[in-house]
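We name chains A, B, ... by the order of the sequence lines, and we start the count at 1 in each one.
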Amino acid sequence: MLLIDCPHCGPRDETEFHAGGEAHIARPEKAAELTDAQWADYLFMRSNTKGWFAERWVHAAGCRRWFNVERHTVTHEIRRTYPMAGAPTEPEEGP
Amino acid sequence: MTATRPANLRAPPVRARGGDWVDDTRPIAVSFDGRAYTGLAGDTLASALLANGVRVVGRSLKYHRPRGILSAGFEEPNALVQLGKGAHSEPNALATRVEIYDGMTATSVNRWPSLSHDVFAAFGLLARFMPAGFYYKTFLGSRVLWDRLYEPFLRRMAGFGRAPVGADPENYDQRHLQCDVLVVGGGVAGLASARAACASGARVVLIEDNPELAAGLAASPAKEWIDVAIGVVKQDATVLTRTTVFGAYDAGYFAALQRASDHLPQEARAGVRQRLWLIRAKQVVLATGAIERPLVFPNNDRPGVYLAGAARAYLDRFGVLVGRNVVAFTNNDETYATVIALKKAGAAIAAIVDVRANLTGGAVALAKHEGIRVLEGYVVVDVRGRSAVRGVTIAALDGGRREKIACDALLMSGGWSPAVHLFSQQGGKLIYDPGMAAFVPDRRPADPWCAGALCGETGVDAAITGGWRAGSSAATALGKPAPRGLTAELPDEPKGDAPLAFWRVPVAPSAERKCFIDFQNDSTLADVSLAVREGFTHPEHVKRYTLTGFGTDQGKTGNINALGNIAERTGGDLARLAPTTFRPPFLPVTFGALAGREKGALLDPVRVTALHDWHVAAGAAFENVGQWKRPWYYPKDGETLDQAVTRECLAVRNNVGILDASTLGKIEIVGADAAAFLNRVYTNAWSKLGVGRSRYGLMCREDGMLFDDGTTTRLAPDRFLMTTTTGNAAAVLDWLEEWLQTEWPDLKVYCTSVTDHWSTIALAGPRAREVLQCLAPGTALDAENFPFMSYQEVVVAGVAARVFRISFTGELSFEINVPWHDARHVWEAAITAGAAFGITPYGTEAMHVLRAEKGYPIIGQDTDGTVTPLDLGMAWAVSTKKDFLGKRSLARPDTARPDRKQFVGLLTSDPSRVIPEGAQIVSESNIADVRLPQSSPVPMEGHVTSSYFSAVLGRSIALALVRDGFRRTGETVYAVADGHAIAARIGPTVFYDPDGTRRDG
Amino acid sequence: MDRVVQGQGPLGDDPPMFADLAAHGLTVSVVPPLGQINLRGLDHEIAQAVAAACNGLDVTGPTNRCVAAGASWSLCLGPDEWLLVVPKHDTNDTARDLAAGLAGKHASIVDVSSNRIALDVGGPKAVSLFSSLTSLDISDLGPDRCVQTMLAKAQVIIHPLAAPTTYRVFLRPSYARHLADVIVDATRFL
Amino acid sequence: MQRFSAFALLAKSLGGHQGWSRQWRLATPKDAYDVVIVGGGGHGLATAYYLARNHGITNVAVLEKGWLGGGNVARNTTIVRSNYLWDESAALYEHSLKLWEDLSQDLNYNVMLSQRGVLNLAHSLQEVRDSRRRVYANQLNGVDAEWLDRGGVKVFCPLINTDESLRYPVLGATLQRRAGTARHDAVAWGFARAADSRGVDIVENCEVTGFDIQGGRVTGVQTTRGAIRAPKVAIVVAGHGSVMAERAGFRLPLESHPLQALVSEPIKPVLDCVVMSNAVHVYVSQSDKGELVIGAGIDSYNSYAQRGSLPVVTSQLGALIALFPMFSRLKMMRNWGGIVDVSPDASPIVGKTPIDGLYFNGGWGTGGFKATPGSGHIFAHTIAHEDPHPLAAPFNLDRFSTGALVDEHGAAAVAH
C-alpha cells in the first residue's frame, strides 16, 4: 500500500487519494485549431512511463487538493511530491 | 514443566517426558476420525496424535499414498485435517499448528471411504501412467467425453478439505498499528533485535507466529539471557504472539493475522476469532528463521519419516519421542545434536547416515563419543513399511556395500533454507550461498534488516549478536541513539563441518517415481526429470508443469529441492537459477479475516436522507441509487409496483405529488469568475443568466460524451447553486475541483458541496402552488411573481427555505430546499397542508415515468457514455460561440456524423404493449432475418433506453437511441426482446404537453 | 430568519445504540446542532479582515490547524479553506459579519451548519476504536490539530477537542447511521 | 512433433517416459526472418501459430524477453466468454470462442476448456437494464445469452446468496452457457508446441531493445541476442506495449495497471460455474485443482510491478463473502498481480502502426486471455495480408482520432 505525502496533510495511505494519471498534460489553448490527431494526442495518448513517472493525485478523503507525485512505476518508490504549479524533475536527475 | 515422568508403554512414538509447552497435569480429550485420544494442554493436534501412536494422518493428492506427520510447524505438507463441523468447520487445517482444546474434532481428508482403506489408493498403481502434465497429452479424443466424463472426474479428485456449510458464525476484527521498528520473528534473533531497538528508545512491535516467544529454547545455553530479554521486551514493546506476518507491501506496510481464539474451545471464544493487523513500519527487522528441507530418495514420504528438526521440536516442546529405534539421514551437523537429544530421552539410535565423508568436526566427534554409529558417505536408498517405517536400506555413495537397518523412525535433514519469503515479497533480491547450500537475502539499503538463521547466523550466540546488530541498525537509521551494548555470555560452540549441497540420492530412473519433492502434490524426481526432458527448464515452467509448490504449503519444503534437481538435470548453475517469485501470503489467510467488517450489511455505507424514517413509516419500497436508499414507490394496501406507480403518476398529473429529491448533488459555486467557469464546464452559456433565474445545463467529458446534467441557479451575481444527478454528485465536485486546481487556478471561483446541508422537497402537480401557499402564506407564488425557472428565498412552514420553480415532471412544480434538521418538519407540514389537495408521495419509479412522458433523458439510463448532447437532440443547449470541455471532440469525423444513434420516441402500434427496456431495434428490411437462436448477426439500429405504460396517456411510451433517428421520424421499426418483435413508430421524445403550458402555468 | 422548530439529526439526540458502549470503555454522544460556516480564501488576503469581523477568529494555516476564539473554533481544512464552528444561534450573524468584512475580496462564505453533524467520542477505548477504523495514529494529537480522513468508509474530520477524553468527529448526516453501526460493531472487540 | 494421445501416453509409460522429447525446440535466433513477433505470450504464440497454419508463413521468430508464457497468460483468472455488448466486440470474442471450442484438438494439446457457464450478476435496476440490453444484443449477434431473474440465478447456482438483505441484492444475472474457463499455461505451451512444429523459432531470454526503421519502414529489431532483420515486425507484449511503442517512436493511448488475482486453498468441488459481479467487484470460479480463483478490479495507479495493494484484495473478499457466506472460513493461499494495458474504451488495439511493416496488438486490458486464439487468428491475417482482418478493422489505432471508439467502458459492460 503506497504511502503518499500530501503536501498539506502529511503522509497518508493510498486509499485516501484518487490517482489522476500522467501529470503535466496541459489543455490546448486553441483546441479548435488542432487537427484530430493533435487533439487525440492530448485526449488519449499517454507516455505510460516505465520508471520515474510524474503523476497527479488528489487527497480525496482529506484536504481535497490536487498535487503532483514522482513515483517509480516498477518499485513504487515515491521520491517527491510537489504542487500543481511545480515542474517535473529533469530525467537526468533521476537514477 | 520439564519434570520428567515415566514413559508410557504404548507403541512408539511415545510421550517420553513433559515438554516446554505442555502441561502434563491437564489432559485434553480430542477426536480424530471418530476415535477419542488424550493429549495434554499445549499439545498441537500433531503432537497429541504422535503421543498416541497415530502414524497415518492423511492421503496425498494424486496417488493417495498414506502420509504421516513430516514437520512440527507451518511448513507441513501432509497433515491437513478438516477441523470442526458444520458452519464452524475449517478445511485444510495443519495438524502441526492446531493447538488442541477439549472437545476438538478433526477428520482426515482426501480419502474414501476411510483413511486406512482408501479405494483411490489404486492410483498408486497407475502412477506410471500419470506423469506430470499427463492430462495435457490425453482426453483429446472426444470433446463430449472430456466435458461429460474426464473433466468431472478430474474435478472430483481435486482438493483436500470441504467448504463449511452455512455462513461463518464467528467474528473477525481489524486493527492498524504504526511503529518505528517492526521485528518479525520472536526467536532469539528477533528478541535481540527488539531489545536493541527498545533500548534506543524506538517504538517497537514484535510479532511471533508461535504461542510463545523463543519457542522451545528451554534447553538452550542462553536460557537465562532469553528469559531476561522476554521480560524486557514484553514491557517495552508491543508483542503479538500467535500472529503471522503474511504480507510485505509497499512503503513498510505489513499485514499480519492473529489467531485470537482458535486455540480455545468453541464456547470459550470471546468475540473475535482472528484479527487482521495492518502495520506501517518505518524500519523492519526480519528474523524469520529457516526451514529444514527433506532429502530426496525412494519412499522418502513414508509415515515415520520426519524432518530431523521436527523430531527435536516434538521432544523439547511436547516431550514426544517420534521413535524408539531411530535412523537419521543428513547432510549437516544440526542433526547430530537432535539425535543425541533423542538418545538422552531414551531412544535407541540405529545409525546416523551422513552423505558427507571425512568428517572432522565437533558434532560428529560428540556423536561417536556417545557411541552412536555414524556412516559417512552413505545414503538411504529405500524405506520399508507402507503405513509405518519398519526399516531402511542404506548404501555407500561410491556404490559400495548396501545394508538393511531396522528402525521405527527415520529423521532426515537436507539442510536449511532461510525463510526469505517476506524479504522477497517486498522486492528483496536473493543470492545463492554455497556454504549454506541455500538462497539468502542479498540485502540492499532500502531492504529490511535481517537477522538470525534468515541470514545464516545459526547458533544462539550468532543469533543474539546478529539480532542485536540488526535492531540497533534499524533504530539508528531513524536517528535514535545507538543502544548500549549488551550481549550474552555463552560458551563457544564447537567448530563443525559444513553442510553439503545434496539434492537427490542417485537412483535408477525407474525409482525416481518414488522420490518425492512436493509431498502434497505428489510431484517426484521423475516429474522434474520429465519436465526438463520436455524442455520445461525454467523453474517457473517446472513449477507449473509438475505443480511443485502449488500446494497449501506453497513448496516451503519442496521448492528448493526442485531447484537443485533442475540445476543438476540442465547442467546449469544453481546460483544462476532464480527461485520462483514469492507471493503473499506467507501462510494461508482466512478470507473472513481479510474482509474484516466490510461485508454483509457493512459492505458499503447506506446513505439516507433526513426523511428516510418517514418513508419507512409510509411503507415505501426502496431502490439503491449509488449508496443512497431512495423511495422507489409507496405501495398502498397490497398494490403492485405498476398499480402504485399508476396512482402516483396520476396524482401528480391531476392534483399534486411530493418527492424527496434530497439526494440530488448540490454545489455552491462562488466567486467573480463563477459564470465564466460555468461557461467552460457546461455546454451552454451562463454569462447572461439573471440573478434569481435557473437554467438547465449539460456537462461533457473532454471526449464530448455526456457526463452529467442538472439545473443551476444564479443566487447572486457571484454565487450559483449547481445541482447534479444523485449518482454523480461526488464525481462532479471532483471534476470541478480538478479543473479549477489543475488547469484554471487563475479563475476566482470556490466550490462547496452542500448536498447534505440542503434537503430537497419537490411539490409537483397542478395544485402544487396551492399547497405551497398554505405553507408560505403571503408569498406571491403566481406565474408573474414566481415564474418557471426562477428562485426565491421563502419562509416555508416557518423555515427559511430556498425555493426553485423547476420541474422534472412537466407539471407546475416547486423544489423546496431546507436544512437537514428542518426537513422532516417541512415535509410533514406539506403532507398535512396538502391533504386537502390530495397530496401523494411519489417515488423514483413514478418520477421516471413522468419525466419520460416529457421526453426528459436520464443521464446513465438514456445515455451510456457514448452519447453527445447533439445525439440527445439538445443542440439548443450547445453553444457554438464559446469553448467548453469536450467541444473539440464533437468535431471529430465519427462524432460529427449526421447518422449517429440519436434520441427518439417510440410508439408501439399496439398501445397496450410495453417494450422491454434494453430491447434492440431492427429495421423493417432486416426483421425477416431474425431467427433466434441467430446463426449470423442481424444488423441492430439501436436500443430502447426507457419504456413505460403512461397512465395519463393510456398507452405505452418508449425512448430509444436509434441510428440516424432524427431523420427517420415516422418510420416503423421493430423492438426485439425475449423472442418477440414489437412494431413501433419513430417520433418525437415529448409525449405529453409538448408546448409546456402545464409546466409554465 | 432562524428555525422555529428544533429538528432532529440522523441519530436523534440520544441514540440508545450508544448507551451500551460505556460498558466497553467507550462514550459516544451526539453533539447538539452547531453553527458551521465554510470559508474559502487566501489567508494573507482575508485573515486580518476575518479576525476583525469575528472577534479574533484566526484563519491562518497550516492545513489541519485548529484555533479557538471564545466559543468558536476555526479548523483549517486546506491551504485556502476553513470550517468555522460557532454556536448555532451565532451562525447568521457570523456569516453576515464575515460577508461585510470580506466585501470586495475573493472569498467564499457558505453556511453548512447541516452539512455535517458532530459526535463526541471518548473514554479509555477511544484511541483503540480509531485504530480499528483508520490507519492514522491520532493518539498524540492535541486540540490544536485536526485530521481529515476516513472512518471505515465515511469521510470525517476528527478534532481532538480534549484528547483523549473527547474526540469530536464531524461527518455527513447521510453517513451518520452507517458510521454509528460501524462503531457499535467495532466496539464489540475493543 | 510427437503426437499426444492416450495411446502415446501408454506406450511411453512402458519406457518410463524416457521417450518424450522437447515440446518445442531450443531455438537460437537467425539473422533474418519473414516475420518477427515481439512477445512470447499467449497472443504472440497464437499469432505465430496461425501465421504458419493459415498463411503458410513459417519463417517466423517469436522473441520472448523472459520465459515463454510468463506474462499475463500465466497470471489471469482463465475466464473465457464472448457476451460483449457492442457488435464489433461480440463478433471478435465470439470468433475467439468458436476457435476455443476446437482448440485442444486443433493443437493436439488439452487446454482443458471447461464450458461451465458464466453468470454476470446485476445488483441495481440500472444494471438490470444494462444486462438485459446486452443479452438482447448478444442474441441478435448470434452469441448465446440468457437473462435469469433472481429465482433463475438461485437455480443455476444455488450457492449464491440471493437474500434481499444483501447490501446490494442480486436482482438477476446474464448467463452464457458456452462460456467458462481454460487452463492458462496449457494455452501458451500448446500454441508454442504447435507453432514450433511448423517451423517457427521460439527464442526465450531475448529482449527487443530497439527497432530498425528506415524511411518510415521497419527493417528489423535490435535484441539482447543481436540484430535480427525482418520486413514485418509484430509487437504483442501485453502490459509493455507503450514501452515498445516508445522504442519504435510512436505513442499509444494505453496505461498499464496492476491487476490482482488470488486463489483459495484447494477444496473439494463446490462451485460449478463462473460468477462475476461488477457492482460489488469480484469474480470467482473453481479450478480443476480445487482452488477458488478470484479476481476483482485493477489498482488505480500506473504500474509495471506485478503486484498491487492489499485493499483491493480485502474489498473483493468482502464482496465474495457477501455473495458466498460459506466461503468466509476458506483461506487465501496465493495472491499475485499482472500488468494490464488499459485503453480509453476498454477495447484492444489490433493492426497497423504509423510505421510500415510494424504491427501492434495490445490494449486488451483485463480481458485478453479469452481472446487469445481469436486475437492471434485475426492478427496473423492482418500481418499476412498487410491489411486488417475484417474483425480487426474496427480496432485500429485511428479510432482515437476519429472518435469511432468501441466503448465497452461507457457501455458499462463487464470486463475480464
Side-chain angles (χ1 to χ4, degrees), chain A residues 1-6 11-25 28 31 33-61 66-79 81 88 91 94, chain D residues 65 207 237-247 249-258 260 297-315 337 339-347 349 353-354 362-363 396-405 407 409:
Chain A
M1 169 119 89
L2 306 182
L3 185 67
I4 300 171
D5 192 0
C6 169
R12 300 292 184 90
D13 283 357
E14 152 201 340
T15 45
E16 289 194 6
F17 302 81
H18 291 164
E22 184 171 349
H24 308 297
I25 299 174
E33 297 169 10
L34 299 184
T35 65
D36 291 324
Q38 288 168 322
W39 179 249
D41 196 85
Y42 154 71
L43 203 52
F44 294 129
M45 301 300 164
R46 296 293 178 261
S47 61
N48 197 22
T49 313
K50 184 177 188 178
W52 287 111
F53 180 57
E55 62 189 353
R56 304 180 318 164
W57 288 80
V58 60
H59 191 190
W66 284 87
F67 57 95
N68 292 319
V69 173
E70 276 174 9
R71 185 176 57 88
H72 198 283
T73 54
V74 178
T75 65
H76 292 175
E77 181 195 343
I78 293 175
R79 72 177 174 191
T81 64
Chain D
K65 170 176 68 174
E207 180 177 6
V237 294
H240 281 71
S242 303
V243 176
M244 284 296 149
E246 190 191 8
R247 290 175 188 169
F250 65 99
R251 272 159 71 77
L252 287 170
L254 297 177
E255 292 193 286
S256 297
H257 291 266
Q260 299 187 69
I298 59 173
D299 283 70
S300 65
Y301 48 81
N302 285 31
S303 172
Y304 286 89
Q306 286 171 325
R307 64 173 196 278
S309 298
L310 185 60
V312 174
V313 171
T314 54
S315 62
I339 309 166
V340 298
D341 46 354
V342 180
S343 70
D345 57 359
S347 288
I349 299 164
T353 69
N396 60 59
L397 194 48
D398 296 340
R399 73 181 189 267
F400 298 99
S401 298
T402 64
L405 304 187
D407 197 344
H409 266 323

Self-check item: Parallel, tilted or perpendicular: rings of A:H76 and D:Y301 (30°, 60°)
Solution: perpendicular

Quiz item: For the atom pair CZ (A:F44) and CG (D:D345), what is the distance rounded to the nearest 0.5 Å?
Solution: 7.5 Å

Quiz item: Rounded to the nearest 0.5 Å, how far apart are CG of A:D13 and OG of D:S309?
Solution: 9.5 Å

Exercise. State which residues pass salt bridge (Lys or Arg N to Asp or Glu O under 4.0 Å) with D:E207; sequence neighbours excluded, sorted by chain then number.
Key: D:R247

Quiz prompt | Pairs of heavy atoms under 4.5 Å with chain D: top-ranked of A:W39, A:F53, A:F17 | solution = A:F53

Exercise. Under 4.5 Å, counting heavy-atom pairs only, tell me which of A:R46, A:E22, A:Q38 racks up the most with chain D.
Key: A:R46

Side-chain donor-acceptor distances from residues 239-246 of chain D under 3.5 Å, at least two apart:
{"unit_1": "D:H240", "atom_1": "NE2", "unit_2": "A:K50", "atom_2": "NZ", "d": "2.7"}
{"unit_1": "D:S242", "atom_1": "OG", "unit_2": "A:N48", "atom_2": "ND2", "d": "2.8"}

Quiz item: Relative to chain D, which segment of A:S47 carries a heavy atom at a distance below 4.5 Å: side chain, backbone, both, or neither?
Solution: both

Quiz item: Under a 4.5 Å heavy-atom cut-off, does chain D meet the side chain of A:D41, its backbone, both or neither?
Solution: both

Exercise. Flag the one option from D:D299, D:L310, D:I339, D:N302 with the top tally of heavy-atom pairs under 4.5 Å to chain A.
Key: D:N302

Quiz prompt | Heavy-atom contacts under 4.5 Å, residues 249-256 of chain D to chain A | solution = D:R251, D:L252, D:P253, D:L254, D:E255, D:S256

Quiz item: Excluding sequence neighbours, so at least two apart, what forms side-chain contact (heavy atoms from CB on, under 4.5 Å) with D:N396?
Solution: D:D398, D:R399

